[in-house]
Structures are given as C-alpha cells and as structure tokens.
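What follows is a short report on a single structure.
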4 protein chains.
Amino acid sequence: MSLQRIGISCKPDDQEVLALAGELRDWLQARQCSVLLDRSVPQATDSSCCAMDEIAGQVDLMVVLGGDGTLLHAARRLIGSDVPILGINLGRLGFLTDTPVGSMFDVMREVLRGRFKTKRHFSLCAETWRGGERKACGHVINDLVIERGALPRMIEFEMFVRDQFVFRLRADGLILATPAGSTAYALSAGGAIVHPEVEAISVVPVCPHTLSNRPIIIPANDRIELHLLASPGQAALNLDGQEHLSLQQGDRISVRKGRAFSLVYLPERHYFEVLRTKLNWAGQLETRR
Amino acid sequence: MSLQRIGISCKPDDQEVLALAGELRDWLQARQCSVLLDRSVPQATDSSCCAMDEIAGQVDLMVVLGGDGTLLHAARRLIGSDVPILGINLGRLGFLTDTPVGSMFDVMREVLRGRFKTKRHFSLCAETWRGGERKACGHVINDLVIERGALPRMIEFEMFVRDQFVFRLRADGLILATPAGSTAYALSAGGAIVHPEVEAISVVPVCPHTLSNRPIIIPANDRIELHLLASPGQAALNLDGQEHLSLQQGDRISVRKGRAFSLVYLPERHYFEVLRTKLNWAGQLETRR
Amino acid sequence: MSLQRIGISCKPDDQEVLALAGELRDWLQARQCSVLLDRSVPQATDSSCCAMDEIAGQVDLMVVLGGDGTLLHAARRLIGSDVPILGINLGRLGFLTDTPVGSMFDVMREVLRGRFKTKRHFSLCAETWRGGERKACGHVINDLVIERGALPRMIEFEMFVRDQFVFRLRADGLILATPAGSTAYALSAGGAIVHPEVEAISVVPVCPHTLSNRPIIIPANDRIELHLLASPGQAALNLDGQEHLSLQQGDRISVRKGRAFSLVYLPERHYFEVLRTKLNWAGQLETRR
Amino acid sequence: MSLQRIGISCKPDDQEVLALAGELRDWLQARQCSVLLDRSVPQATDSSCCAMDEIAGQVDLMVVLGGDGTLLHAARRLIGSDVPILGINLGRLGFLTDTPVGSMFDVMREVLRGRFKTKRHFSLCAETWRGGERKACGHVINDLVIERGALPRMIEFEMFVRDQFVFRLRADGLILATPAGSTAYALSAGGAIVHPEVEAISVVPVCPHTLSNRPIIIPANDRIELHLLASPGQAALNLDGQEHLSLQQGDRISVRKGRAFSLVYLPERHYFEVLRTKLNWAGQLETRR
C-alpha cells in the first residue's frame with residue numbers, strides 16, 4: 001500500500017500535542033506526502049483542513065496524536081472506512097495508541113516504507129428504543145455500558161441473546177465489550193482478557209447484586225437486547241466513555257456487531273507483550289527486595 | 001430488660017407498611033406498652049408522635065417496618081443511643097431487617113417476654129474537609145463510598161491509615177464498610193464477607209484501574225484519610241446509600257470508628273444461616289435437575 | 001438423518017445404570033433399532049458387544065448413561081468420528097449429559113423421529129515432549145490441566161502462543177479449556193463462561209502467585225506451548241480429569257485444536273437456560289424469605 | 001530489652017546461607033553476645049549447638065537466615081516462647097523475613113541498641129480426629145489447608161463455627177489463614193488481605209464447585225470444625241506448607257487460636273509499604289511506556 005495522503009487528528013486543547021502535530025505535518029510534507037489536518041487542529045489552514053467525517057475518503061492513513069480517548073474519538077468516526085489508524089501515545093496507558101511518542105518519527109519512517117501490518121477490529125452498534133420509536137444509535141470501538149447515574153440506586157435489566165432470555169440482573173451496570181475493550185473498563189469490572197482475534201463480545205456486569213454471577217463471552221454475531229426494567233436514578237447508555245445517551249425505565253437497547261476499522265502496528269509488535277508491559281499482566285513477584 | 005415504651009418507625013409513603021404500623025401499635029397498646037410513632041407515620045396523633053432524634057431517650061425498643069433502607073435510616077439516627085432496634089422485613093433482601101413480616105407478632109411476643117439478644121455494631125463516622133474547613137460530617141451503619149458521578153471518568157485518590165500512605169488509586173470508587181456493610185455494596189464490588197464480631201473495616205475499591213488490587217481488612221480503630229486527587233466528574237461521598245455529600249478535587253475525607261448501635265435478634269438466629277438463605281452463599285450445585 | 005444403529009455406553013459398576021441400559025436396549029430393539037453395547041456393559045452378549053473404538057463406525061448415534069465423567073470418557077474416544085452423542089444424566093450436575101433420566105424415553109422418541117439438533121464441539125489435542133522425544137499424547141473435551149502434585153509446592157512454567165512468549169508463572173496449575181470446559185474446572189478457578197459457539201480457548205491459572213493475573217481467551221486455532229520450568233513435586237498433565245500424564249522439570253507440552261465431536265440436543269434446549277438452572281448463574285437474591 | 005544471647009537458625013543445605021551464619025556468629029561474638037546455633041547449622045560446635053526446641057529458653061532473640069519457609073519452620077517451633085524472631089531474607093519474596101540480607105549487619109546493629117519493635121502474631125492450632133481418636137495435631141503461623149491429593153477429584157466437607165453449621169462445599173480445598181497467612185496461599189486463592197492487627201481468621205475455599213462462594217473473615221477466637229465427607233483421592237491437611245497429615249473420609253479437624261509468637265521489625269517498617277513493594281499491590285498502571 002502506498003501512503004501518499006496522510007490525515008492527522010489530535011487531542012484538542014493541548015499545546016504539546018498541537019506542536020507535535022505541526023512538526024509531524026512538516027516532516028510528512030518534506031517527504032512528499034499530502035497532509036490533511038482534522039479541523040480541531042488549530043494550525044490547519046483552510047486548504048488542508050477537513051472535518052473528520054469528510055476526511056475518510058481523502059486519506060490513506062490517519063495518524064492520531066493523543067491518548068486512547070483521542071484514538072477512540074477518531075476511530076469511532078472512521079468505522080467502516082478502511083482507513084488504517086496509527087495511534088501515537090501522548091496519554092496515560094496507551095493501549096490503542098500503541099506507539100510511544102518518542103519513536104514517532106522512527107515508526108512513521110517504517111510505515112511510509114510499507115513496513116507495517118494492519119489489524120481489523122470489529123465495532124459494536126447500538127440502538128436505543130422507547131416504545132416503538134428509535135431514539136438514538138451509535139458505534140463503539142471498546143465498549144458500551146448501561147449504567148445507573150450518580151444516585152446509588154441499582155438498575156435492573158434483562159438481557160436476551162438471539163431472542164433467548166439470558167438473565168435478569170440488579171447491578172450498577174452492564175458492560176458489552178469488544179476484544180479491544182476487554183482490556184479497558186471490562187477489565188476493571190472483573191472481565192477476562194479477550195485476544196483481538198477472537199470474534200466475541202464480553203458481557204461483564206458491574207457490581208452485580210448476586211454472588212452467583214460471572215462474565216460470559218458470546219459470539220460476536222449474536223444480536224443482543226437489553227430491557228431496562230428499573231431505573232431509580234438517571235440511567236444512561238455510555239458509548240466508549242465518550243457519548244452519553246440517557247435512558248428511562250422501559251427502554252430497550254439493541255446491540256449488534258458493527259462494521260470494522262483498522263489499526264496500524266509495526267510487524268514486531270506482539271499482543272502479549274503489550275499486556276505484560278502496559279497492564280503488568282502476570283507480573284512475577286520479585287525477590288529479595 | 002423490661003420493655004414498656006416502644007417506638008415504631010416505618011418506610012414512608014407505603015400504605016401496606018403504614019397499615020401494619022397501625023396494627024402493631026394497637027397490638028402493643030393492648031399489652032400495656034406505650035407506643036411512640038416516628039413523625040413520618042401519618043396515623044400518629046400529636047400526643048404519641050415524636051421526631052426520631054427526640055424519640056431516642058423516650059423508648060426502650062425501636063421497631064422498624066420496611067426494608068434495609070428504612071432500617072439504615074432509623075439506625076443512623078439512633079447511633080450512640082443504646083436503644084435496641086428490631087427490623088421487620090417488608091423490603092427485598094432484609095439483611096438487617098431480619099424478621100419476616102409474617103412472624104412479626106410471634107417475634108414481638110418473644111421480645112416482650114425478654115427472649116431476645118442484642119448485638120452491638122459499630123458505626124463509622126466521616127468528615128469532609130475542603131482547605132482548612134470542615135464541610136460536612138455523617139455516620140454510617142453499612143458503608144461510605146467515595147465515587148465518581150454519572151460521567152464515566154475515574155476518580156483518583158490516595159488513602160492513608162494512621163498517617164501511613166496506603167495506596168494511590170484510579171477507580172470508579174472506594175468503599176469503606178463495617179462488617180454489617182460487608183454483605184451489602186462491598187460484596188457486589190468483590191469484597192470478602194466479614195463476621196459482625198470482627199472489629200474491622202473492609203476497604204474495597206470499585207472497578208480499580210489496575211490488575212493488582214485486592215480488598216484489605218484493617219482494624220476498626222484505625223483512623224483513615226482519603227485525599228481526592230482528581231475528580232473529572234461530580235464525585236461524591238455516599239453515606240449508607242442515603243446521603244450524598246458532593247466532593248471537589250483536593251477534598252479530604254477523614255473516617256474513624258463511630259459510636260455503637262444495637263440490633264435485636266431472637267436467640268435461635270444464626271449469622272451463617274442468614275448468609276446461606278439470603279445470599280445463597282456457598283449454595284451447592286444441585287443434581288439431576 | 002435416519003437412526004438405525006444405536007450404541008449404548010454407560011457408567012461402569014453401577015447397577016442402577018446397567019439396569020437402565022438393559023431397558024433402553026429392549027426399548028430400542030422393539031422399535032427396530034439394532035443396538036450395540038459398549039463392552040463395559042455386562043448384559044452385552046457376544047454378538048452385540050463391541051469395544052468403544054470399534055463401535056464408532058458401526059452406529060448412527062451413541063447414547064451415554066451416566067454423569068459428565070461417563071460422557072467425557074465416551075466422547076474422548078469418539079472424537080473425529082461424526083457419531084452424535086446423547087447424554088442421559090445419572091450423575092451430579094450433568095452439564096454435558098443434558099437429558100434428565102426421567103425423560104429418557106420421551107427424548108429418545110423425539111430423537112428417533114429426527115426431532116433433534118447436533119452441535120459440533122472442538123477438542124484439544126496435547127503432546128508431551130521430554131528432550132527431543134514425544135512421550136505421550138491425548139485429546140480432551142473439556143480441559144487439560146498442568147498441575148502440581150500432592151505436595152504444596154508451586155510449579156513454574158512459561159507459556160507461548162504461536163511462538164510468542166505469553167507469560168512465566170508460578171502457580172498451582174494452569175487450565176486450558178474448550179468452551180465446553182469453561183463451565184467445568186475453569187469456572188471453579190475463576191474463569192469466564194465461554195459460549196460453545198465461540199471458537200476460543202480459555203487460559204485460566206489456578207492459584208497464581210501474583211496479584212496481577214487474569215484469565216485470557218485466545219483463538220482456538222492458536223498453537224500453544226508450555227514449558228515446565230520447575231516442578232518440586234509430582235507435576236502432571238491432567239486430561240479431562242480422567243487421564244494423568246506425569247511430568248518432569250524441562251518437559252514441554254504442545255497443545256492445538258483437535259478434531260470435532262457432536263452432541264445431540266432437543267431443539268428447545270437453550271444454553272443460557274442450562275447455565276441458569278445448573279449453575280444458578282446470575283441467580284437473583286430473593287426477597288422476604 | 002537487653003539482648004545478650006542470640007540464636008541463629010538457617011536454611012539447611014545452602015552453602016551461601018551457612019557462610020553468612022558463620023559471619024553473623026563471629027560478628028555477634030565480637031560484640032560480646034553469646035551465640036547458640038540451631039543444630040542444623042554445621043559449623044556449630046558441641047558447646048554452642050542446641051536443638052531448636054531447647055533453644056527457646058536459652059536465647060533472647062532468634063535470627064533466621066533464609067526465606068519465608070525457613071522462618072515458618074523456626075517460628076512454628078518457637079510458638080508460645082516469647083523469643084522474638086528476626087528474619088533475614090535470602091529467599092524469594094520474604095514477606096515474613098522482612099530484612100534484606102544486604103542490610104543484615106546494619107539492622108543487627110540497630111537491634112542490639114534496642115531500636116526495634118516486636119509484633120505479636122497469633123498461631124492456629126489444629127487437631128485431626130478419626131472416630132473418637134485424636135490422630136495428630138500441629139501449629140501454624142500462616143495457614144492450614146485441607147486439600148485433595150494429586151488425583152483431580154474434589155473433596156467434600158462441612159464447616160462448623162462455634163458448633164453452628166457454616167457450609168457444605170465441594171472444592172479442591174479450604175484454607176484457614178491467620179492475618180500473616182492472608183498474603184500467602186490465601187491470596188493466590190482469591191482471599192482478601194487482612195492487616196496483622198485484625199484478630200481474625202480468613203476462610204478461603206480453593207476452586208470451589210459453586211459460583212456463589214466468597215471468602216469469609218471470622219473472629220480469631222471462634223472454634224472451627226471441619227468434617228471431611230468425601231475424599232476420593234489422598235486428601236491431606238497441610239500445615240504451613242511444611243507438614244502433611246493424611247486424611248480419610250470421615251475425619252474431623254478441629255481448629256482454634258493457638259499461642260502467640262513475636263516478629264522483630266525496625267521502627268520505620270510499615271505494613272502497607274511491604275504490601276506495595278513485595279506484592280506490587282495497587283500498582284498504578286504506568287504511562288507512556
């Protein structure tokens with residue numbers, strides 16, 4: 001794949017990030033790439049600036065500067081577009097934004113030479129229904145979470161998979177996570193890690209009011225429905241921690257596998273190493289210290 | 001202990017409960033008890049009605065009709081008063097309101113004969129500080145929870161015990177629970193069950209952003225301090241799920257063991273049986289069904 | 001599918017089970033089926049008795065009478081044969097032996113009419129190597145477990161997936177489970193439930209000596225290797241809890257997806273219902289009892 | 001407390017440790033201490049060598065060189081003796097052997113000056129009964145574990161506390177741990193951390209065959225009884241991972257709080273810091289790496 005046209009999207013309102021975006025633009029232009037900046041990038045001149053939704057058809061690669069939140073934001077708008085996304089980590093953990101900022105130019109050099117692989121990930125697509133009316137819809141990269149609001153009153157809901165009753169539960173919430181999302185909020189709530197190549201959705205309750213629950217992993221192609229039976233507070237459906245759809249008692253949420261998006265990795269990047277270094281997963285207890 | 005003066009407190013706005021409260025009052029008066037109704041009980045005439053805070057000095061026993069929420073409400077106002085509390089369960093689970101409503105009169109008969117035991121439980125007492133100023137304080141029977149608001153942004157906090165640094169954590173929240181509270185929200189969040197006679201506080205993080213956390217049980221006499229380092233949403237301190245103190249970044253919460261309150265049990269009531277029947281704890285997987 | 005030739009295999013040394021096997025044989029013969037009995041069934045006459053390994057090519061359906069252990073035993077020998085297996089539960093939990101004994105004849109009637117579905121499950125295939133030499137191999141339906149012996153000394157091992165280093169761990173053991181096995185020993189050890197249609201292997205450590213472990217779900221097609229680094233006791237590789245291969249320090253275990261086997265279900269049988277009824281999964285805490 | 005008479009006990013069969021023991025003896029004798037070596041120390045001459053059980057009355061301090069296993073071994077024989085124990089860590093994790101070997105002489109200097117504190121820990125005392133006959137008894141510092149043998153067949157047992165029925169369980173085993181033991185095997189099995197000053201016993205099942213179990217913390221003074229109902233393999237009672245008492249179906253194990261022993265710490269040693277550094281407890285996920 002020849003990469004001629006590069007988009008840059010970055011974390012808003014962060015001078016360090018914006019300065020880097022400028023540097024990267026100059027560096028790319030010096031290498032005969034055309035660069036399109038996401039409109040949120042202030043240095044963008046009229047001619048090179050483009051709204052994210054339009055950018056998809058005009059670039060061969062999207063570089064995202066920021067943390068996982070910034071990448072989620074960009075990726076959610078590139079779902080279904082086939083534009084591969086390269087995340088440069090300027091945030092905390094950087095699970096999706098895999099490339100440390102210190103090696104940004106080294107990695108870009110490799111990428112421009114074609115020395116990279118892309119990995120397709122599936123998204124989830126959710127619709128909320130009230131009565132017979134569709135209220136809202138959205139896509140997620142990591143997870144969608146149905147959750148109680150600030151008031152400490154559990155919600156109660158039922159879950160169905162392929163029209164089969166799964167369970168009725170009282171809990172703080174319920175997470176439906178892609179494999180990418182299995183290392184995000186679902187992990188904090190006690191879910192298992194799911195390798196990105198497993199075509200499955202993690203169903204992880206948040207603080208369920210029962211001793212006998214346990215996360216379950218279901219096929220990614222299964223259609224899921226949630227019925228919100230009781231919502232004493234301000235329950236909401238949370239999309240990737242970025243969008244907040246308010247819910248009412250009686251609402252139904254229907255979830256199905258959505259279209260794919262692609263992330264860029266260097267060939268030598270290994271998933272298990274990322275788990276070990278970023279999560280300290282399976283860290284050995286050290287000796288004599 | 002001779003029980004002459006009985007207080008009745010009950011779940012507000014529930015006709016079934018209020019009718020029962022009336023029946024109980026008549027039943028008690030027929031047995032030469034004087035009865036004081038909590039002001040929230042509408043049938044209360046001027047002469048027998050009393051605000052909860054005043055009621056403490058005027059009764060030998062407080063009967064609470066409702067669920068655990070109602071009992072928490074009553075018990076929080078009787079902390080330190082030595083008035084034993086008998087909970088009649090009209091709610092869901094009834095961990096604190098131990099007596100099923102169906103055996104209310106049988107149990108009351110036993111209690112009036114002196115055939116009961118009381119168990120003292122300790123409370124926790126919390127103060128919130130902003131800068132040098134004390135903002136609020138409160139007591140809890142079950143637990144106090146520092147938690148993020150509706151926005152899915154983790155809070156970050158540090159915990160100190162006896163001025164020793166314990167940990168710094170990013171999480172949805174942190175629960176400090178008495179043994180009574182160990183079977184409430186702390187259990188949903190993954191905490192261990194703590195027998196009511198263990199003098200200890202359970203420290204249970206809610207969805208911590210680390211793989212390496214684990215609940216810890218510390219001595220009840222230890223003074224605990226929490227510093228709220230980051231609160232991107234509307235963090236709050238939650239007292240027994242009933243009171244909500246809003247928090248800001250930089251706030252400090254200081255927690256210490258508070259005064260005791262007493263619950264009434266029949267002699268044949270056993271803690272482990274309650275665990276098994278109410279939580280289905282250690283339920284055997286049954287065969288051939 | 002027309003079912004003419006039925007095999008019967010049953011739990012050995014159990015008079016109740018053997019009597020039932022006799023009844024079932026008579027019932028089937030009265031319906032013009034030819035019946036082959038597994039050699040372990042004592043009533044078997046010379047003409048109708050067959051060793052399990054030979055039986056595969058001679059029957060259209062295998063009925064197993066016993067518990068999950070009996071079914072595991074039979075299924076392990078039918079891997080790759082395409083003979084569907086119907087389990088009649090005479091044991092404890094009956095996760096694989098799904099049909100209660102009380103409805104055996106009703107279910108058989110439906111099955112002979114063709115009113116059933118079959119579900120293919122994958123097996124796992126393990127080889128143990130010592131130095132350059134292959135020592136043993138075997139297949140599992142549920143799980144293979146590398147574990148320390150009776151001596152309470154942890155084993156230490158490394159795991160590789162597709163030649164990538166995954167982790168080095170000290171633990172009591174490690175479970176590799178199929179989706180069928182995810183509700184067996186892996187569940188006791190803290191693993192997630194994996195729906196049978198997810199093509200994945202659960203990797204679940206048993207009592208790992210680290211706070212930062214967490215089960216992981218990997219693609220079923222991934223080749224796994226385990227290196228036993230330290231084995232202070234009598235470590236072993238356990239196949240479906242039925243076969244025991246002894247291990248020494250330095251041994252390597254190589255695991256890959258094996259051939260399939262098929263289980264028979266009635267059309268109205270639903271996986272989530274089995275979870276709820278057999279595991280009391282997501283059991284609601286009941287009220288007012 | 002003036003420390004004149006120092007005992008030294010060390011890990012057997014380890015040249016490095018034995019050499020250090022010799023150095024320490026010389027160093028102590030040069031400071032006018034009399035030194036008694038545990039008999040397992042080969043350099044011991046007749047005059048200074050003493051069996052551990054006799055050593056108790058003849059020393060003011062016992063120094064243990066080795067890992068936690070060595071310290072457990074020594075401490076189990078000093079239970080009830082009031083001789084404080086200082087552990088020098090030459091093993092892996094060193095939770096009990098708190099002093100790194102590199103600072104041994106610095107710490108000893110402080111200790112001889114009286115700059116140390118001692119912390120009393122309680123032990124547990126177990127007896128096994130078969131029919132009416134007491135078969136064996138023993139003391140533990142960390143934990144006692146009733147467990148299945150090498151054969152992967154669950155044991156089944158009942159637990160009673162103060163003669164009250166607690167639960168009946170099928171599992172790989174059950175751990176009863178002191179607070180000191182709560183960070184040992186009980187932690188691997190999913191138990192909570194219990195601060196050493198909490199007077200309580202952790203009851204932690206190992207791989208229980210139910211979804212609805214949860215560890216429980218009970219008062220240290222409670223008398224516990226376990227009945228082994230089924231033991232299809234070679235079940236055993238394991239004391240501190242060091243002693244192995246074989247069990248049969250029908251055996252009863254009675255457990256009560258045993259006598260105390262004392263560990264030596266420097267004043268600046270803090271429990272929570274030990275948790276953080278040795279267990280990586282509550283380790284923050286680091287950023288940008």
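Chain naming here is simple, since letters A, B, ... match the order of the sequence lines and numbering starts at 1 in each.
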Next on the checklist: Which one wins on heavy-atom pair count under 4.5 Å against chain C: D:Cys207, D:Gly233, D:Ser212, D:Ala150?
Outcome noted: D:Cys207
Checklist entry - Should C:Arg77 and C:Asp38 count as an ion pair when the cut-off is N to O under 4.0 Å? => result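 Salt bridge flag = yes for C:Asp38 with C:Arg77.
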Checklist entry - Does C:Lys278 make a cation-pi contact with C:Phe95 (under 6.0 Å, within 45 degrees of the axis)? => result no
Measure [X] against the heavy atoms of chain C and call it side chain, backbone, both or neither at under 4.5 Å.
{"X": "D:His244", "value": "side chain"}
{"X": "D:Asn213", "value": "neither"}
{"X": "D:Ala189", "value": "both"}

Item to check | Interface moiety of C:Val145 toward chain D, non-hydrogen atoms closer than 4.5 Å | outcome: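 For C:Val145, there is no contact with chain D at all, as no heavy atom is under 4.5 Å.
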Next on the checklist: Looking only at side-chain N and O atoms, does C:Glu243 offer a donor or acceptor that is under 3.5 Å from a partner on C:Asn238?
Outcome noted: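 Note: C:Asn238 and C:Glu243 side chains miss the donor-acceptor criterion.
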Checklist entry - If you count the non-hydrogen atoms of other residues, nucleotides and ligands that lie under 6.0 Å from CD in D:Glu127, is the total more than 12? => result yes
Next on the checklist: For a quick test of reading the model, state the closest non-hydrogen atom pair linking D:Ser202 to D:Ile217 and the distance between them.
Outcome noted: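 Taking every non-hydrogen atom into account, OG-CD1, 3.6 Å.
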Checklist entry - Highest number of heavy-atom pairs under 4.5 Å with chain D: which of C:Ala235, C:Ala236, C:Gly149, C:Pro208? => result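 Ranked by contacts with chain D, first place is C:Pro208.
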